[in-house]
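For clarity, every value in this text was computed on a predicted model and none was experimentally measured. Reminder, nothing fancy here: chain letters follow the sequence lines and each chain counts from 1.
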Amino acid sequence: MNIFEEYLNKITGLLLKNKKLLKLDNLNNFNGIVVESPPVEFNYDLSCNAALVLGKKNKINPRELANKIKDLILKNLKDFEIIEIAGPGFLNLRLTNKSLVTNINHILENRKSYGKKDSNNNYNIEFVSANPTGPMHVGHCRGAIYGDVLANLLKFNGNKVTREYYINDYGNQIINFAKSVFLRIREIKYNEKFILKKDLYPGEYIIEIGKKIIDSNKKEKFDNFDDSLELLKEDSLRHSMDLIKSDLKQLGVEHDNFFSESELIKNKLVDKAVKLLKENNYVQEGYLDPPKGESDKTWKKTKRLIFKSTLFGDDTDRAMQKNDGSWTYFANDVGYHMDKINRNYKYLINVLGADHTGYVKRISAAVSALSENKVKLNCKVCQLVKLYKNGKPFKMSKRAGDFISVQDLLKEVNKDSIRFMMLNRSNDVELDFDFDKVLEKSKDNPVFYVQYSFARISSLLRTLDRDFNDKIDLDPEKFLLNENEISILRKVFEWPKIIETASSKYEPHKIPYYLYELATLFHSYWSKGNEDQSYKFIKDGKIKKVETLAIIILVAIVMERGMSILGVSLPDKM
RNA sequence: GCGUUCGUAGCUCAACUGGAUAGAGCGCCUGACUUCGGAUCAGGAGGUUGAGGGUUCAAAUCCUUCCGGGCGCACCA
């Protein structure tokens, strides 16, 4: 239930029925007409811009039209008690007690699904996809949580969602990774000093992986890298994916499907994709221009297969083959995306880090080409996370190869705080992550502030010896809300709209912002009793007004839904 | 140079995707604890939305030209 949609439909229905009376000759559609919440200072439940939009289309003075619409609504719809015409021709509407009660009851009876925007599509969200050459670092963390919450959101609305991880377990980096492990094994087994060279991985975790491989391969001598390569690749990969999965799990993220790049090669998916593109003339042999900017002396003009991505809005065509004729990383990714398309997803979403911005156009182009524009790939780029401690940029030791890992982060900050803070910003803006702030138990720390409001509600219910699910009977005849309750209720009514935009625009950050605002309204109301006894909720151990209880339960309902979508806990005691 | 993204209060960011007097938090100033958990609340100061031009009933939002910051610009992954 979304009251804005509900009343928009009622109003537009009424307008359509009375189009002659209103002299609306030009009424093909209601595009641009919305019902939304007016600015709080107006003190109305809803506002509608119908007169502005239709006035323009039909060349009628909007305020005049607004007046007519107002009369029409008051006469025909029983939901509103007062309508005001404001500004250039906005209709501000106030709901009757009866319709308020109806709406409240509806939420109370459908608490698990309140805010749900019914939808039944099939989504694939690819996120994290960190290179399997080591544990996750903070950079991956934001995308991991963003993707996870997006998945939660879409699932909440009834969609099927596959959380997918693309394992880049193919190519030179894996050889280098295996080589690093090999050298560490030599170091452990034969005391050969590990010398860090270009392309090798320095991290401590390589030693750990080395030890594990030694343990599980007691007979293996590791004399020669090439002889051990297959074993090393396989085992190292498995161990580092275990590290990544464990990091993800601790962040509360779990993927449904891990798709391996080397499997893709084995199954000739790239060849199939290229064949398809060739048939449609999107791939052909040709030459690429030399790289722009700094001149590269090693560059050679070579004939190779090229994807004509400029046909789909890319800036330049893209190479599918390297000099030696093997596939480029991009070509593999094209094969991968063909597979996604063949798995019949209607929507593909890739969550990428800021360093992949330049990659968006070509892969989107590939999906358009492969699906003949039937499937759309939506790439969401998460900007950088900057860490702060004591107000200063925070970095670990500068020693080569050191980075701030998810483990480092989890050592200091709990999962709830990390998740909430990582989401408390639009994905296309850089995010400052402040260690001190996140550890605070105060209003400065939004997670805490929201959780605390719920704890207060729980405490209240304990005092009243009531359960969240106990039935509440509201009498429309005696129904009366004070100003705090009205503003809370109006906020609660906005919840479905938050879900709607957050999920349709892939903007989960709306949720923490909203929850914070809701918490503010609640704390404000709660504290009012300190200044004025008449605002206390309870007298002699009993709730004074059943309406108050209803409003508070509504807050709890929305908090529970919101935080469960965010994957953040909501303790009833703190 | 090209692409992309951002530029909003002293700082960090919102703004229902074109709506009404641009809102929060921090910081600053003033006030409220014999508490249904003050881990909180109330009030105040603070803005030419980077600059100019355009589109319209209406622009932070769309178009355009500049200015400034981030990211990217292999046959790497």
Within the structure shown, what part of the strands sits under 4.0 Å from A:Asn172 by heavy-atom distance: base, sugar-phosphate, or nothing? sugar-phosphate

Using the six-membered ring for Trp and the full ring for Phe, Tyr or His, decide whether A:Phe90 stacks on the six-membered base ring of B:A20 (centres under 5.5 Å, planes under 30°). yes

Nearest-Å distance, CG (A:Asp428) to C1' (B:A14)? 13 Å

When all nucleic acid strands are considered with a 4.0 Å heavy-atom cut-off, which category describes A:Ser524: base, sugar-phosphate, or nothing? sugar-phosphate

Looking at A:Lys322, does any N or O in its side chain come under 4.0 Å of the phosphate oxygens OP1/OP2 on B:A77? yes

Are A:Lys497 and B:C16 close enough that a side-chain N or O sits under 4.0 Å from OP1 or OP2? no

Just call it for A:Pro62: base, sugar-phosphate, or nothing, with non-hydrogen atoms closer than 4.0 Å on any strand. nothing

Could you tell me whether the phosphate oxygens of B:G38, OP1 or OP2, come under 4.0 Å of any side-chain nitrogen or oxygen in A:Ser527? no

Pick base, sugar-phosphate or nothing for A:Pro446, based on heavy-atom distances below 4.0 Å to the nucleic acid. nothing

Could you tell me which residues satisfy side-chain hydrogen bond (donor to acceptor under 3.5 Å, both in side chains) with A:Arg561, sequence neighbours excluded, listed by chain and number? none

Sequence-distant partners of A:Tyr535, ring pair (Phe, Tyr, Trp, His ring centres under 6.0 Å), two or more places apart: none

Report which part of the nucleic acid A:Asn530 touches: base, sugar-phosphate, or nothing (heavy-atom distance under 4.0 Å, all strands). base

At 4.0 Å (heavy atoms only), tell me whether A:Phe42 reaches a base, stays on the sugar-phosphate, or touches nothing. base

Judged by each residue's nearest nucleotide on RNA chain B, which is more toward the 5′ side, A:Glu36 or A:Asp572? A:Glu36

For B:U55 versus B:G72, give the span between their C1' atoms, rounded off to a whole number of Å. 33 Å

Hey, does the Lys NZ or Arg CZ of A:Lys497 hover above the aromatic six-ring of A:Phe4, less than 6.0 Å from the centre and inside 45° of the axis? yes

Hey, what do you get for CG (A:Asp572) to CZ (A:Arg462), rounding to the nearest 0.5 Å? 5.5 Å

Between A:Phe468 and A:Phe454, is the gap from one ring center to the other below 6.0 Å? yes

Tell me every residue that passes ring pair (Phe, Tyr, Trp, His ring centres under 6.0 Å) with A:Phe448, counting only those two or more places apart in sequence or in another chain. A:Tyr452

Interatomic distance at P, B:A58 relative to B:U21, whole Å: 13 Å

Would you measure the distance from the P atom in B:G27 across to the matching atom in B:U65 and give it in whole Å? 43 Å

The salt bridge (Lys or Arg N to Asp or Glu O under 4.0 Å) partners of A:Glu485 (sequence neighbours excluded) come to A:Lys545

C1' atom, B:G54 versus B:U61: distance in rounded Å? 15 Å

Go through A:Glu5 and A:Lys117 one step at a time and tell me if the salt bridge (Lys or Arg N to Asp or Glu O under 4.0 Å) criterion holds. CA-CA 11 Å; A:Glu5 268 177 27; A:Lys117 168 86 181 167; 3.0 Å; yes

N/O-N/O pairs, protein side and nucleotides 8-13 of chain B side, under 3.5 Å:
{"from": "B:U12", "atom 1": "O2'", "to": "A:Arg425", "atom 2": "NH1", "distance (Å)": "2.8"}
{"from": "B:C13", "atom 1": "OP1", "to": "A:Glu430", "atom 2": "O", "distance (Å)": "3.2"}
{"from": "B:C13", "atom 1": "O5'", "to": "A:Arg425", "atom 2": "NH1", "distance (Å)": "3.4"}
{"from": "B:C13", "atom 1": "O2'", "to": "A:Arg425", "atom 2": "NH2", "distance (Å)": "3.2"}
{"from": "B:C13", "atom 1": "O2'", "to": "A:Tyr513", "atom 2": "OH", "distance (Å)": "2.2"}

Aromatic-base stack, A:Phe448 on B:A39, cutoff 5.5 Å, angle under 30: yes

Rounding to the closest angstrom, what is the interatomic distance between B:U12 and B:G46 at atom C1'? 16 Å

Kindly say if A:Trp526 contacts the phosphate of B:U35, meaning a side-chain N or O under 4.0 Å from OP1 or OP2. no

Pairs counted only when both distances fall under 3.5 Å, Watson-Crick or G-U: show me the 5' to 3' dot-bracket for RNA chain B, [ ] for pseudoknotted crossings and | for other-strand partners. (((((((..((((.....[...)))).(((((.......))))).....(((((..]....))))))))))))....

Could you please name the option among B:C16, B:A77, B:C57 that lies closest to any side-chain atom of A:Asn131? B:A77

Would you measure the distance from the C1' atom in B:A15 across to the matching atom in B:C71 and give it in whole Å? 25 Å

What residues form a ring pair (Phe, Tyr, Trp, His ring centres under 6.0 Å) with A:Tyr516, not counting sequence neighbours? A:Tyr449

Suppose you measure atom P in B:G7 against the same atom in B:C63; what distance do you get, rounded to whole Å? 14 Å

Hey, which of A:Leu22, A:Ile60, A:Leu65 is the one that makes side chain to side chain contact (heavy atoms under 4.5 Å, CB included) with A:Leu54? A:Leu65

Among the nucleotides B:A20, B:C6, B:C57, which one has an atom lying closest to any side-chain atom of A:Ser47? B:A20

Please determine if A:Arg318 forms a cation-pi arrangement with A:Phe307, meaning its NZ or CZ atom is less than 6.0 Å from the six-membered ring centre and no more than 45° off the ring axis. no

Whole angstroms only, please: what is the CD-C1' distance between A:Glu494 and B:A24? 14 Å

So, is A:Lys59 close to the B:C57 phosphate, meaning a side-chain N or O under 4.0 Å from OP1 or OP2? no

Any side chain to side chain donor-acceptor pair (under 3.5 Å) involving residues 46-69 of chain A? Give me the pairs, sequence neighbours left out, ordered by first then second residue. A:Asn29-A:Lys57

Given the P atoms of B:A39 and B:C26, what is the spacing between them in whole Å? 16 Å

For A:Thr520 and B:A24, is the shortest distance between a side-chain N/O and OP1 or OP2 below 4.0 Å? no

Partners passing side-chain hydrogen bond (donor to acceptor under 3.5 Å, both in side chains) against A:Asp317 (at least two apart in sequence or in another chain): A:Thr310

Does A:Lys528 have any side-chain hydrogen bond (donor to acceptor under 3.5 Å, both in side chains) partners at least two apart in sequence or in another chain, and if so, which? A:Glu483, A:Asn484

Residue A:Arg456, side-chain atoms from C-beta onward, closest of B:G37, B:U21, B:A15: B:G37

Identify, with sequence neighbours excluded, every residue that meets ring pair (Phe, Tyr, Trp, His ring centres under 6.0 Å) alongside A:Tyr165. A:His255, A:Phe258

Side chain of A:Tyr452 - closest among B:A15, B:G19, B:A39: B:A39

Taking for each residue the nucleotide of RNA chain B with the nearest heavy atom, is it A:Ser37 or A:Thr463 whose nucleotide lies nearer the 5' end? A:Ser37

Pick base, sugar-phosphate or nothing for A:Asn92, based on heavy-atom distances below 4.0 Å to the nucleic acid. base

Within less than 4.0 Å of OP1 or OP2 of B:C26, is there a side-chain N or O belonging to A:Tyr449? no

Between residues 352-365 of chain A and RNA chain B, which residues have a heavy-atom gap below 4.0 Å? A:Ala354, A:Asp355, A:His356, A:Thr357, A:Gly358, A:Tyr359, A:Lys361

